[in-house]
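Below is one structure; the comments refer to it alone.
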Amino acid sequence: MIRERSARVAVWPRQPSRGTRARRYDDRVNTENSPQQPPAPDIDVPEQVRVRLEKRARILDEGGQAYPVSVPVTHTIAAIRDAYDGTLEAGDETQDLVGVAGRVVFQRNTGKLCFATLQDGEGRTLQVMLSQREVGADSLAAFKADVDLGDHLFAHGRVIVSRTGELSVFADDWRLAAKAIRPLPALHKESSEENRVRRRHVDLIARPAAREMVRTRAAVMRSLRESFHQRDFLEIETPMLQTMHGGASARPFVTHMNAYDIDLYLRIAPELFLKRAVVGGVERVFEINRNFRNEGADSSHSPEFAMLEAYEAYGDYNTMAALTQDLVVTAARDALGTTVVTLPDGREYDLGGEWKDIQLYPSLSAACGEEITPHTPLADLLTLAKRADISLDEKTATPGKVVEELWEHFVGDDLYAPTFVRDFPVDTSPLTRAHRSQEGVVEKWDLYVRGFELATAYSELVDPVVQRERFEQQARLAARGDAEAMQVDEEFLQAMEHGMPPSGGMGMGIDRLLMALTGHGIRETITFPLVKPRS
RNA sequence: GGGCCUCUAGCUCAAUUGGCAGAGCUGCGGACUUUUAAUCCGUAGGUUCCGGGUUCGAGCCCCGGGGGGCCCA
């Protein structure tokens, strides 16, 4: 059995506070619950933390509990609100006894009658009233001495409504449910975005929008899975640690496996494994899981992000379009209750109704005023890019890459209402089959919402010979210094050689779906995004 | 990668031309039996992100570094 060293905070007996210097403690000292351990002078402790540590120690000293194993809760805050809100008038008292617990978010301690507002995880609140007449002078004094903002408090008593109309538990008994050592931030002021992200646990206590985002995200995940299950898709988990990186164009993270002494890649996409599952007969398959890309981090990119991929045998990029539209619209209805998204700036767009459907080359030609086709020479495209002030790495530039850059610059940013953009260049889509009727393009669409790419889908390339050629092309790109190019995945090619049925495949960024549905940045949609450590 | 902005008490923010580092909330002590961010009186709380420099004197000016944000690519 592995024993982990427990990290406990050393607490010392009450000392007279003298001077203005912050006290210190050493959180590496294992004191095994002893409040008698002397402080080790190592780390500064703010005054408020010191005071609360002293309260904890005193409570333990006096034989009380700062962290009881449980408290006898009989009702949730929500249950009491639901049962009594609107049924009682100011001053009404019931004989209904309840035991309730929550975090203390406001305290109004008057002389002989104290008020505390308890909050649950959803942000619903309930007032507790503690009267000296009801609980006794000693108990009320202890309440004032022991309970701080941020503590978890348990109260037992009758359900009443105060004279000013606030639904309350009129306590006949109370206990500390868990003592908070760190103070809450000021609840009526917004924290800085950095603090919100770095200390999301505090953000979730303090900010309703943070709580809502977590719940919206959960509702979206649940909705997506439900939509897939209704269509008889199976959910599987494919490897996150891969010996080759492939399935997308992106720089991978590299890690090392000691047992085999080999480098492994954190996956950039689950695509190749999901296709192997389709070859093996899992004909409707999806996965929702994390991808990792070793690229920049900004307001729309995170190095670690949640991805949905789905494959359907005997489907194509048209069936995937219908599927995707339904997934998104259903998720909006399930999570928001409407298909109309209202952005924080007041802007609105509707995910319902018909979605726009445009083609890449014609829409680019119209936007930049020049005819651009799959046959437009690279040199002409580069000239256009230069004129539009788009800087490119000419060493690794291909016609398709430049066309996509041009398209994003001239068209992509303005697409707020959902729009499918169809039929992409061949050389940027090595896993996609050639278009059934148009030369020089592949059957691929990108879905744009709110100015960014939300999803992409292909009629999948299933010809193993063409697939091998495309990989070899990628390998040549890699040799020219393109770090995003795919490697030749022999395992995957052999799987394809066993025969993959004609299929449609789709990938969607889950974080981006949340961004599209809520209008917030990616760091708000991810509960605990990666943040740069402080030095 | 480039440009611009930003970092001050636990939290949110001030600080005039370079001239004694402040407020509100939180904390601590006191008063108060119907409060809603309770109120009132008193009080404590600082490595002004870090390291250099200029200056009689730097939160402020200069150089370098770090964190964060926005815009561009």
Side-chain angles (χ1 to χ4, degrees), chain A residues 14-23 43-55 89-93 104-119 125-137 139-141 143-145 147-151 160-171 180-199 202-203 205-207 295-301 385-386 388-394 402 405-406 408-409 412-413 451 521-524 529-535:
Chain A
R14 265 178 295 171
Q15 294 178 5
S17 75
R18 62 187 115 82
T20 60
R21 188 98 183 102
R23 283 287 141 66
I43 300 169
D44 282 338
V45 176
E47 186 200 11
Q48 292 186 46
V49 173
R50 193 194 79 226
V51 167
R52 286 159 180 248
L53 283 169
E54 287 169 358
K55 285 187 184 180
E89 310 228 328
D92 280 357
E93 301 198 359
V104 177
V105 289
F106 296 116
Q107 246 177 319
R108 297 169 291 279
N109 288 351
T110 67
K112 299 189 177 69
L113 180 63
C114 295
F115 303 87
T117 303
L118 303 187
Q119 177 178 284
T125 58
L126 183 65
Q127 175 167 278
V128 172
M129 296 168 65
L130 295 107
S131 161
Q132 188 182 87
R133 203 173 295 143
E134 189 76 10
V135 299
S139 176
L140 193 68
F143 175 82
K144 290 183 189 177
V147 178
D148 290 305
L149 280 178
D151 292 353
I160 68 162
V161 175
S162 74
R163 275 178 216 166
T164 52
E166 185 74 30
L167 184 66
S168 307
V169 173
F170 195 66
I181 295 308
R182 284 184 189 276
L184 286 178
L187 291 176
H188 46 281
K189 291 262 175 63
E190 286 248 305
S191 284
S192 68
E193 189 182 331
E194 181 178 359
N195 277 339
R196 299 199 317 229
V197 168
R198 285 189 190 274
R199 298 190 303 159
V202 172
D203 192 32
I205 296 166
R207 200 167 54 96
E295 297 170 348
D298 61 34
S299 49
S300 62
H301 295 79
K386 220 166 275 173
D389 233 12
I390 300 169
S391 77
L392 290 160
D393 181 0
E394 298 202 7
V402 181
E405 291 283 346
L406 286 169
E408 275 174 40
H409 179 264
D413 293 348
I522 196 166
R523 268 185 294 272
E524 293 296 318
L530 183 77
V531 283
K532 214 168 184 177
R534 290 186 150 137
S535 51

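A, B, ... follow the sequence lines: proteins, then strands. Residue 1 opens every chain. Every heavy atom of this structure was used, including side-chain atoms; hydrogens, water molecules and symmetry mates were not.
B:G64: Watson-Crick or G-U partner is B:C50, with both key distances under 3.5 Å. When Watson-Crick and G-U wobble pairs are counted only if both distances are under 3.5 Å, B:U34 pairs with no nucleotide at all. Judged by Watson-Crick or G-U wobble contacts below 3.5 Å, the nucleotide B:G19 has B:C56 as its partner. With a cut-off of 3.5 Å on both Watson-Crick or G-U wobble distances, the partner of B:U43 is given as B:G27.
For A:Arg50, no side-chain nitrogen or oxygen approaches OP1 or OP2 of B:C28 to under 4.0 Å. At the phosphate of B:U12, OP1 or OP2 sits under 4.0 Å from a side-chain N or O atom of A:Asn195. Dashed line: the shortest gap from a side-chain N or O of A:Arg196 to OP1 or OP2 of B:G68 is not under 4.0 Å. Residue A:Ser192 places no side-chain N or O under 4.0 Å from the OP1 or OP2 atom of B:G68. Between A:Arg108 and B:U35 there is no side-chain N or O to OP1 or OP2 distance below 4.0 Å.
Contact of the A:Leu118 side chain with the A:Val104 side chain is registered, since non-hydrogen atoms from C-beta on lie closer than 4.5 Å.
You'll find that the side chain of A:Ser191 is closest to B:C11, out of B:G27, B:G69, B:C11. Listed candidates were B:C11, B:U33, B:A73. Nearest to the side chain of A:His409 is B:A73. Checked against B:G10, B:U33, B:U36, the side chain of A:Gln48 finds its nearest nucleotide in B:G10. Counting only heavy atoms from C-beta on, A:Ala186 has its side chain closest to B:C25 among B:C25, B:U33, B:U35. When the nucleotides B:G67, B:G27, B:U36 are ranked by their closest atom to the side chain of A:Lys532, B:G67 comes out on top.
Residue A:Leu149 is the one, among A:Glu193 and A:Leu149, whose nearest nucleotide of RNA chain B lies closer to the 5' end (criterion: closest heavy atom).
Under 3.5 Å, the side chain of A:Ser162 and the base of B:U35 form at least one donor-acceptor pair of N or O atoms. With hydrogens and angles left out, the side chain of A:Thr164 and the base of B:U35 share a donor-acceptor pair within 3.5 Å. With hydrogens and angles ignored, no donor-acceptor pair under 3.5 angstrom links the side chain of A:Glu166 to the base of B:U35.
Nucleic acid contact class of A:Phe115 (heavy atoms, under 4.0 Å, all strands): base.
Between the CD atom of A:Glu134 and the P atom of B:U33 there is a distance of 16 Å, rounded to whole Å.
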